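All values derive from a computational prediction rather than experimental measurement. Convention: sequence-line order gives letters A, B, ...; per-chain numbering from 1.
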Amino acid sequence: MASGARHIQVTLPDGTSRRVPEATAAGDALTGPGGSLPREVLAVRVNGVPTDLATALREDASLEPITFESPLGKEVYRHSSTHIMAQAVKELFPSAQLAIGPAIEEGFYYDFGFERPFTPDDLEKIEARVHDIQKANHPFKRMEMPRQEAIRFFRERGEKYKVEILESINDETASLYSQGDFIDLCRGPHVPSTGRVAAIKLLSGAGAYWRGDERNAMLQRIYGTSFPTQAALDAHLAKLEEIKRRDHRKLGKELDLITIQDEIGPGLVLWHPKGAMIRLLIENFWREQHLQAGYELVYSPHVARLDLWKTSGHVDYYRDNMFVPMKVEASEYQLKPMNCPFHIMIYKSHLRSYRDLPIRYGELGTVYRYERTGVLHGLLRVRGFTQDDAHLFCRPDQLETEVSRVLDFTFLMLRTFGFSEFEVFVSTKPEKAVGSAENWAQATQALVAALNGRGVRHQIDPGEGVFYGPKIDIKIKDVLGRAWQCSTIQIDFNNPERFGLAYTGEDGKAHQPIMIHRALLGSIERFFGILIEHYAGAFPTWLAPVQARVLSITDKQREYAEAVVGQLRGAGCRAEGDLRNEKVGFKVREAEKAKVPYMLVVGEREMQGGTVSVRGRSGADLGAMSPAAVIDLIRADVAKATPARQPAP
RNA sequence: GCUGGCGUAGCUCAAUCGGCAGAGCAGCGGUUUUGUAAACCGCAGGUUGGAGGUUCGAUUCCUCUCGCCAGCUCCA
């Protein structure tokens with residue numbers, strides 16, 4: 001029987017199915033005879049397996065088109081993009097060796113063995129060549145060969161990294177893709193041809209170790225990104241610009257909030273008055289809320305005997321992240337990397353009854369950790385920072401309720417600071433862990449139950465827990481959609497054991513309490529950095545270090561302007577005056593740059609009428625009103641932003 | 001820590017091949033009394049991150065050091 005006579009059955013996503021001749025290309029099978037495939041379709045899932053559109057079908061299959069809209073589609077698209085870039089590099093720099101070139105979150109990169117770093121100049125040339133290759137519209141062709149043959153092939157071409165990769169894989173068949181004269185080892189799939197990638201931009205070059213190991217050779221990495229339209233690429237580049245514009249290191253300096261100075265030391269933050277004011281507001285809110293939530297606030301010292309950290313296990317498990325101990329009299333003292341031992345010692349200062357539990361100790365505790373110089377980053381990664389820390393001690397039967405309460409509390413805090421999207425992760429028992437399997441199972445169960453009880457969607461990270469217990473991590477998403485991990489809720493089986501924590505139960509016997517570490521904002525420094533970027537420095541009224549600035553038009557309004565400032569301050573508003581001998585346009589400009597929420601212009605008219613002309617941040621004209629009305633405006637803003645706040649008694 | 005780039009006035013940035021270190025803004029003094037994003041004139045401001053070296057001469061070249069920035073997990 002002639003093979004052409006054989007037909008196979010294909011099923012489409014809409015449930016319809018049709019018969020096509022065997023060996024029909026997957027892409028053609030998707031449309032049926034006479035149909036033409038939409039350009040958005042880049043590849044196709046054949047029985048779930050991502051496949052080139054050109055691949056000949058051999059058996060019955062369900063087909064599903066892959067477009068850029070899906071994460072898989074983006075991966076295919078950018079993976080093809082990086083091959084195009086690699087071709088351009090090989091054409092311009094034939095001695096460059098191909099290492100790896102995957103798609104990543106928002107683009108792609110390719111690592112090359114090359115004798116020197118690529119310069120911005122090189123990138124420009126490479127990008128120009130990339131455009132030529134796109135225009136040439138070379139088809140991506142797949143071929144398969146036995147692994148040994150592929151090894152020989154790449155060895156002859158001097159591609160030692162490809163040989164290494166091939167030697168490390170188990171499959172006996174290797175797949176190669178070619179476009180034009182370029183051939184690369186690749187699993188695929190790819191878009192049909194180089195012309196299908198519309199807009200590519202090379203972003204930066206950087207060094208990267210072969211297989212991420214610093215003992216290996218340094219490769220030269222080129223990052224890039226690509227999109228199906230120039231408009232989408234431009235939008236992405238605009239977003240990168242926006243991220244730069246919001247950089248908290250830049251805004252922190254411009255708005256005179258914080259500095260990190262060489263003379264002080266890397267990773268150590270100076271809070272200037274305006275930054276300190278915002279911190280004070282955050283901390284005041286934090287303390288109020290904790291007292292309402294049934295926490296007791298404590299303080300602990302910045303150093304303690306090294307022995308304490310031996311008991312806690314930090315010397316064994318955390319030494320790499322600790323400053324070296326200092327010798328004082330006959331003993332050694334350690335700058336604190338964590339607050340927990342102190343809270344534990346407060347717990348231990350009395351005998352505790354089951355009736356006392358839960359006990360919740362909270363502290364804005366400043367800790368010092370030795371971070372390697374290469375990882376320091378503005379406020380986001382520092383060496384001295386203040387954790388909004390708390391340790392809860394409870395009975396096993398209270399665990400789930402306590403976790404639920406902490407969850408509610410966390411979301412309330414984060415929402416108040418303007419975050420409304422969250423990603424929640426539960427990390428379970430890692431291989432090396434303390435505590436019995438059933439303790440872990442029980443505690444993990446309690447975490448999951450608390451999340452489910454609150455209807456919080458979450459993902460499980462198997463084996464990602466800390467050695468001392470399971471945890472919940474919460475990431476917030478900022479206005480640009482970037483995720484930041486701040487909150488964490490961790491069960492600890494280790495410290496109650498090490499410190500011999502106990503409470504007396506109903507039965508008169510000693511029992512071990514369960515301990516929960518939790519931080520809502522994480523570190524005040526880091527959270528502040530995130531807040532600066534989230535708000536682009538334009539803090540909402542309740543957090544703005546200056547809520548209103550009074551701008552006088554001439555010297556004649558000096559006294560009146562001062563009186564307005566006094567009235568606002570008397571009502572608890574943070575107001576200041578700009579009475580300088582300058583034009584009002586200049587004063588407005590400066591107030592705008594300082595991102596003051598309300599500008600109150602006072603001239604002859606306002607002085608006569610006992611009013612101020614209110615200009616909102618970014619130009620809104622709110623008209624003339626009395627200072628009392630401005631106070632109401634500010635109070636309404638504050639009340640709206642902090643619904644959790646109870647009126648003071 | 002490793003690789004690469006960078007470090008000049010308070011800030012943002014110039015300075016050709018190794019040849020007297022400069023501008024704008026900010027600051028200070030004066031003029032101007034001003035209506036919603038920059039009035040005008042003038043003055044002052046520096047051990048070019050630090051130490052050493054090469055040179056008649058170093059911001060520039062070399063070595064060391066401190067700091068900053070990017071990258072260093074995402075499997076062809």
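- Note: CD1 (A/Ile100) to P (B/C75) measures 7 Å, nearest angstrom.
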Steps toward side-chain contact (heavy atoms from CB on, under 4.5 Å) verdict (A/Gln134, A/Ile200): CA-CA 9 Å; A/Gln134 287 171 288; A/Ile200 297 187; 3.7 Å; yes
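- At a threshold of 4.5 Å between non-hydrogen side-chain atoms, the residues A/Ile104 and A/Thr225 do not count as touching.
- Annotation: B/G57 and B/A44 have their P atoms spaced 31 Å apart (nearest Å).
- In this structure, A/Arg615 reaches the B/A37 phosphate: one of its side-chain N or O atoms is under 4.0 Å from OP1 or OP2.
- Out of B/C11, B/G71, B/U36, the shortest distance to the side chain of A/Ala206 is found at B/G71.
- Within 4.0 Å of A/Glu606, counting heavy atoms only, lies at least one base atom of the nucleic acid.
- Rounded to whole Å, the separation between the P atoms of B/U16 and B/C61 comes to 11 Å.
- In this structure, A/Tyr161 does not reach the B/C75 phosphate: none of its side-chain N or O atoms is under 4.0 Å from OP1 or OP2.
- Residue A/Glu582 has its side chain nearest to B/A39 when only B/A37, B/C68, B/A39 are considered.
- An OP1 or OP2 oxygen of B/A70 is reached within less than 4.0 angstrom by a side-chain nitrogen or oxygen of A/His377.
- Atoms CD1 (A/Ile260) and P (B/C66) sit 19 Å apart, rounded to a whole Å.
- Between A/His83 and A/Leu376, the residue whose closest nucleotide on RNA chain B is further toward the 5' end is A/Leu376.
- Closest approach to the A/Tyr223 side chain among B/U33, B/G71, B/U36 is made by B/G71 (side chain taken as heavy atoms from C-beta onward).
- Within the nucleic acid shown, A/Lys583 comes within 4.0 Å of at least one base atom, counting heavy atoms only.
- Comparing B/U36, B/G35, B/G71 against the side chain of A/Arg605 picks out B/G35 as the nearest.
- Not one side-chain nitrogen or oxygen of A/Lys250 sits closer than 4.0 Å to the OP1 or OP2 atom of B/U12.
- With a 6.0 Å radius and a threshold of 12 heavy atoms from other residues, nucleotides or ligands, A/Lys250 has its NZ atom above the threshold.
- Remark: the separation of the P atoms in B/U60 and B/G53 is 14 Å, to the nearest Å.
- The side chain of A/Lys556 approaches B/U33 more closely than any other nucleotide in the set B/U33, B/G35, B/C75.
- Using a 4.0 Å heavy-atom cutoff across all strands shown, A/Glu604 reaches at least one base atom of the nucleic acid.
- Nearest nucleotide to the side chain of A/Arg589, out of B/U33, B/A38, B/C75: B/A38.
- Taking a pair as Watson-Crick or G-U wobble with both distances under 3.5 Å, RNA chain B forms stems of 3 or more consecutive pairs at B:1-7 with B:66-72, B:10-13 with B:22-25, B:27-31 with B:39-43, B:49-53 with B:61-65.
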Which is it for A/His138 and A/Ser193 under the side chain to side chain donor-acceptor pair (under 3.5 Å) test, yes or no, and what are the steps along the way? CA-CA 5 Å; A/His138 303 296; A/Ser193 63; over 6 Å; no
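- The shortest distance between the side-chain N/O atoms of A/Tyr109 and the OP1/OP2 oxygens of B/C72 is not below 4.0 Å.
- Nucleic acid contact class of A/Asp555 (heavy atoms, under 4.0 Å, all strands): base.
- Within the structure, every side-chain polar atom (N or O) of A/Arg580 is placed at least 4.0 Å from both OP1 and OP2 of B/U33.
- B/C6 and B/C40 have their P atoms separated by 37 Å, with the value rounded to a whole Å.
- Using a cut-off of 4.0 Å between Lys/Arg side-chain N and Asp/Glu carboxylate O, A/Arg245 and A/Glu241 are scored as not salt-bridged.
- Going from the C1' atom of B/C28 to that of B/G35 covers 28 Å, rounded to whole Å.
- Considering only the side chain of A/Val601, B/U36 comes nearest among B/U33, B/U36, B/C68.
- Comparing atom distances between the A/Phe586 side chain and each of B/U33, B/A39, B/G35 picks out B/A39 as nearest.
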